[in-house]
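Reading through the structure tokens given below for one structure.
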Protein chains: 2
Amino acid sequence: MDNQMFDIDKEQKLAINDAMELLSGKWKFCILHNLYIYENMLFKDLQEKAVKISPKVLSKELQELERNLLITRTVNDTKPITVSYTLTDYAKNIQPVIRSLIEFGLVHRRKIKEK
Amino acid sequence: MDNQMFDIDKEQKLAINDAMELLSGKWKFCILHNLYIYENMLFKDLQEKAVKISPKVLSKELQELERNLLITRTVNDTKPITVSYTLTDYAKNIQPVIRSLIEFGLVHRRKIKEK
DNA sequence: CAGTATCCAAAGGGATACTG
DNA sequence: CAGTATCCCTTTGGATACTG
């Protein structure tokens, strides 16, 4: 078995790494899932309902998601201004990941509780 | 809209958190994917072919995966001893996550390269 | 070979105060 | 309200040497 054969598909490795890098951070899945369900959320909503984290961290997570084209940031002309976040169309590509992650998580919770 | 209605299903939140905790660490997906493909790998193989990381980190990742019932560790009666790792049956529950992650990663690589 | 031990640098992330 | 700035602690992970 030579090295060439042994290495798994390089593309797949890179794909995993890319996806992992994108989804790194403790709260991205949770944010995406909340946006999937509620469609439109204000910064404050995300902070209070979705994830209980400091504004600094939430801000960073949101910026990364936006940079990766998964969410859209919209400034509302209110007083004081508010900012809405929604999923992009492109974000539907990531739904299978989240869905399967939740499914596994549910199974795993039961499994671990058995012990 | 009261809080009760607003909060997404608590179970789902917990599921996400559980799954995320389990899969935290830079190399778990890669390890699982390699084991899925090659079925049986030695510590050394994992280190050289799957992930290029220090033995300390690899060891830690493997222990966490084993503790979470996803892989099996088998000591081989060789000289010097070798240790084989394989996926458990239970690990098939996590395949959809990995598969969808790879699929998304492949799409995302192309998407990002466009920019 | 399969780890463990040690050391260390960098990243992650929480709390709080502050600004436009 | 929606962030940014600052401070600081914890975790993560890499390199290397060492042991059974």
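Chain naming here is simple, since letters A, B, ... match the order of the sequence lines and numbering starts at 1 in each.
- Near DNA chain C, defined here as any heavy-atom distance below 4.0 Å, the residues from residues 55-63 of chain B are B/P55, B/K56, B/S59, B/Q63, listed numerically.
- Across the protein-nucleic acid pair, B/K49 atom NZ and C/dC1 atom P stand 12 Å apart, rounded to whole Å.
- For residues 69-81 of chain B, no residue pair satisfies the salt bridge (Lys or Arg N to Asp or Glu O under 4.0 Å) rule, not counting sequence neighbours.
- Residue pairs meeting the ring-ring contact (aromatic ring centres under 6.0 Å, His included) criterion with at least one member in residues 46-77 of chain A: none, sequence neighbours excluded.
- Each salt bridge (Lys or Arg N to Asp or Glu O under 4.0 Å) pair with one or both residues in residues 21-33 of chain A, not counting sequence neighbours, appears once here: A/K28-A/E61, A/K28-A/E64.
- Spacing between atom CZ of B/F43 and atom P of C/dT4 amounts to 8 Å, rounded to whole angstrom units.
- Residues meeting the ring-ring contact (aromatic ring centres under 6.0 Å, His included) test with A/F104, sequence neighbours left out: A/H108.
- To the nearest angstrom, C1' of C/dG13 lies 13 Å from CD1 of A/I31.
- One interatomic measurement links the two molecules: NZ of B/K28 to P of D/dG13, which rounds to 7 Å at whole-angstrom precision.
- B/S59 pairs by the side-chain hydrogen bond (donor to acceptor under 3.5 Å, both in side chains) definition with B/Q63, not counting sequence neighbours.
- Taking atom NZ on B/K52 and atom P on D/dG13, their separation rounds to 18 Å, with Å as the unit.
- If you check every strand for non-hydrogen atoms under 4.0 Å, B/T82 touches sugar and phosphate atoms only.
- Which of D/dC1, D/dA2, C/dA2 sits closest to the side chain of A/P80 comes down to D/dC1.
- To the nearest angstrom, P of D/dG13 lies 13 Å from CG of A/N17.
- Among residue pairs with one or both ends in residues 61-81 of chain B, none qualify as ring-ring contact (aromatic ring centres under 6.0 Å, His included); sequence neighbours excluded.
- In terms of position on DNA chain C, the residue among A/I81 and A/I53 whose nearest nucleotide sits closer to the 5' end is A/I53.
- Helical stems of DNA chain C (runs of at least 3 Watson-Crick or G-U pairs, donor-acceptor distances under 3.5 Å) are listed by first residue: C:1-20 with D:1-20.
- A/K26 comes within 4.0 angstrom of the backbone, heavy atoms only, and of no base.
- Comparing D/dA2, D/dA15, C/dG14 by their closest approach to the side chain of A/W27 singles out C/dG14.
- Between B/L101 and the options A/L23, A/D18, A/I94, a side chain to side chain contact (heavy atoms under 4.5 Å, CB included) holds for only A/L23.
- Every pair passing side chain to side chain donor-acceptor pair (under 3.5 Å) that includes a residue from residues 92-102 of chain A is listed here, sequence neighbours excluded: A/S100-B/S100.
- Side-chain atoms of A/T82 never come within 3.5 Å of backbone atoms of A/N76 as a donor-acceptor pair (strictly under, hydrogens ignored).
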